[in-house]
Undergrad: 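Below you will find the structure I want to go over with you.
Side chains included, hydrogens not; waters and symmetry mates left out as well; all remaining heavy atoms used.
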Amino acid sequence: MSRRTRRTLHAVTATALLVGAATACNAAAKKDTSDSADGGSGKSFTLVTPDAVGQNEFLKLAVTGIESAAKQHQGTQKVYESTDAASQQQNVQAAVDAAPDVIVLVGFEFADVVAQQAQKHPKQQFLIVDACTTKTFANVSCAVFREHEGVFLAGAEAGLLSKSGKVGAVDVLDTPQFRRYSDPFAAGARKVAAKTETSTRFVGGQSPFDDSARAKEQANTLLAKGYDHLMAAAAAGNYGVFEAAKAKGAFAYGVDVNQCTAAPGTVVDNVIKRTDVAVAKGVEAVLGGTTGTTVSYGLKEGGISLTGLEDGVESSQCVIAEHTDVLTKVEALRDQIVSGELKVDDPAAS
């Protein structure tokens, strides 16, 4: 899902978090975590985020990834947290001026500015996570995700758990990219229960990423027709979907991070994007000489997962923790996808 989705899913403070001797860079929020294992003789890495990290689990995982890379190479890392478009550009410029071995950026907001900087600084290596530049550059590597694989598994859970035999999705927009969060959900449900009825409603409107009321309305439309398990892919509107499902005694599924804590007893599971994996592996590839490429991370690479398949599911507050029999079947499907025996169609594929 787009980076905007994650921004609206998780409210973060506009105040910059400053650590140690870090100072603000103009309007930009800057967190300096430049500890090193050997006095700075190793590699240097800089992470630029589109928003303040705060409690945003998606961005916190990216920080974990850059810290892992620094530890692996006995080097240093810095994290520049942005608050708006202006600070995003300022932070990128500050990162380029510092000339680390690799600059890592999370989100589509950085695609244009990185394209400009890559041309001006051909020796600087960039890694963009969850997005890519339109044009290919020898010094810009990209890490993207196969979200549809995880959504398929969530759909399988819904198919196995649904009592009505009807599972649906509330999606942001009717586009191939966003259908990655609805079409595979239906496919996964039908894989385990062939007669399952499926349907998708789209938020649309003027603010599709931020309209909880419209998302709730679309969810209620499905619930009124007997759909009892809903994939919530409505950005900030996910909370509207959760509210609707809770009121009707139905269930929902979250995205990107563990959203079960937002509605315990209602959210079954979540499709997780492991940005820490994408950052750590992406940096490793760049340092190994593989640059200017786009790498896709899915179940096989550990870049996509479900909360139910991760350690600590017992304390996740996810409904799926109560259904170990279902998880056993979902694990088998995951293994089939990883081995290549089972292929999940990608709605966004050309």
Undergrad: Taking C-beta and beyond as the side chain, do F126 and V96 meet within less than 4.5 Å on heavy atoms?
TA: yes
Undergrad: Hey, does V114 have a side-chain heavy atom less than 4.5 Å from the side chain of V140?
TA: yes
Undergrad: Does NZ belonging to K166 count more than 12 external heavy atoms closer than 6.0 Å?
TA: yes
Undergrad: Within a 6.0 Å radius of atom CG on D97, are there more than 12 heavy atoms belonging to other residues, nucleotides or ligands?
TA: yes
Undergrad: How about F251 and F242: are their ring centroids closer than 6.0 Å?
TA: no
Undergrad: Which heavy atom of V106 sits nearest to which heavy atom of A62, and what is that distance?
TA: CG2-CB, 3.9 Å
Undergrad: Identify whether the distance between the nearest side-chain nitrogen and carboxylate oxygen of D228 and K163 falls below 4.0 Å.
TA: no
Undergrad: When you look at NZ of K60, are more than 12 heavy atoms from neighbouring residues, nucleotides or ligands closer to it than 6.0 Å?
TA: yes
Undergrad: Is any NZ, NE, NH1 or NH2 atom of the basic residue among K281 and E301 found under 4.0 Å from an Asp or Glu carboxylate oxygen of the other?
TA: no
Undergrad: More than 12 heavy atoms of other residues, nucleotides or ligands under 6.0 Å from CD of Q124: yes or no?
TA: yes
Undergrad: Taking V271 as the starting point, is it possible to reach L153 by hopping between hydrophobic residues whose side chains are less than 4.5 Å apart?
TA: yes
Undergrad: Please lay out, stage by stage, how D325 and T328 fare under the test side-chain hydrogen bond (donor to acceptor under 3.5 Å, both in side chains).
TA: CA-CA 5 Å; D325 56 330; T328 297; over 6 Å; no
Undergrad: Please check if the side chain of S141 supplies one atom and the backbone of G292 the other of a donor-acceptor pair under 3.5 Å.
TA: yes
Undergrad: Report, as yes or no, whether the 6.0 Å neighbourhood of atom NZ on K246 holds more than 12 heavy atoms from other residues, nucleotides or ligands.
TA: no
Undergrad: Quick check, are the ring centers of Y253 and F185 under 6.0 angstrom apart?
TA: yes
Undergrad: Decide, yes or no, whether a salt bridge links E149 with K343 under the criterion of side-chain N to carboxylate O below 4.0 Å.
TA: no
Undergrad: We want to know whether R190 and T196 form a side-chain donor-acceptor pair, criterion being a heavy-atom distance below 3.5 angstrom.
TA: no
Undergrad: Passes side-chain hydrogen bond (donor to acceptor under 3.5 Å, both in side chains), H73 versus E284? Steps please.
TA: CA-CA 9 Å; H73 295 278; E284 197 66 27; 2.9 Å; yes
Undergrad: Please check if the side chain of T49 supplies one atom and the backbone of D51 the other of a donor-acceptor pair under 3.5 Å.
TA: yes
Undergrad: Membership question, hydrophobic clusters at under 4.5 Å side-chain separation (ILVMFWY): are L61 and V295 in the same one?
TA: no
Undergrad: Between R179 and D171, does at least one N-O distance fall below 4.0 Å, as a salt bridge requires?
TA: no
Undergrad: Taking it one step at a time, do Q125 and D101 satisfy side-chain hydrogen bond (donor to acceptor under 3.5 Å, both in side chains)?
TA: CA-CA 7 Å; Q125 290 297 329; D101 289 282; over 6 Å; no
Undergrad: Give a yes-or-no answer on whether the side chains of S305 and E310 include a donor-acceptor pair shorter than 3.5 Å.
TA: yes
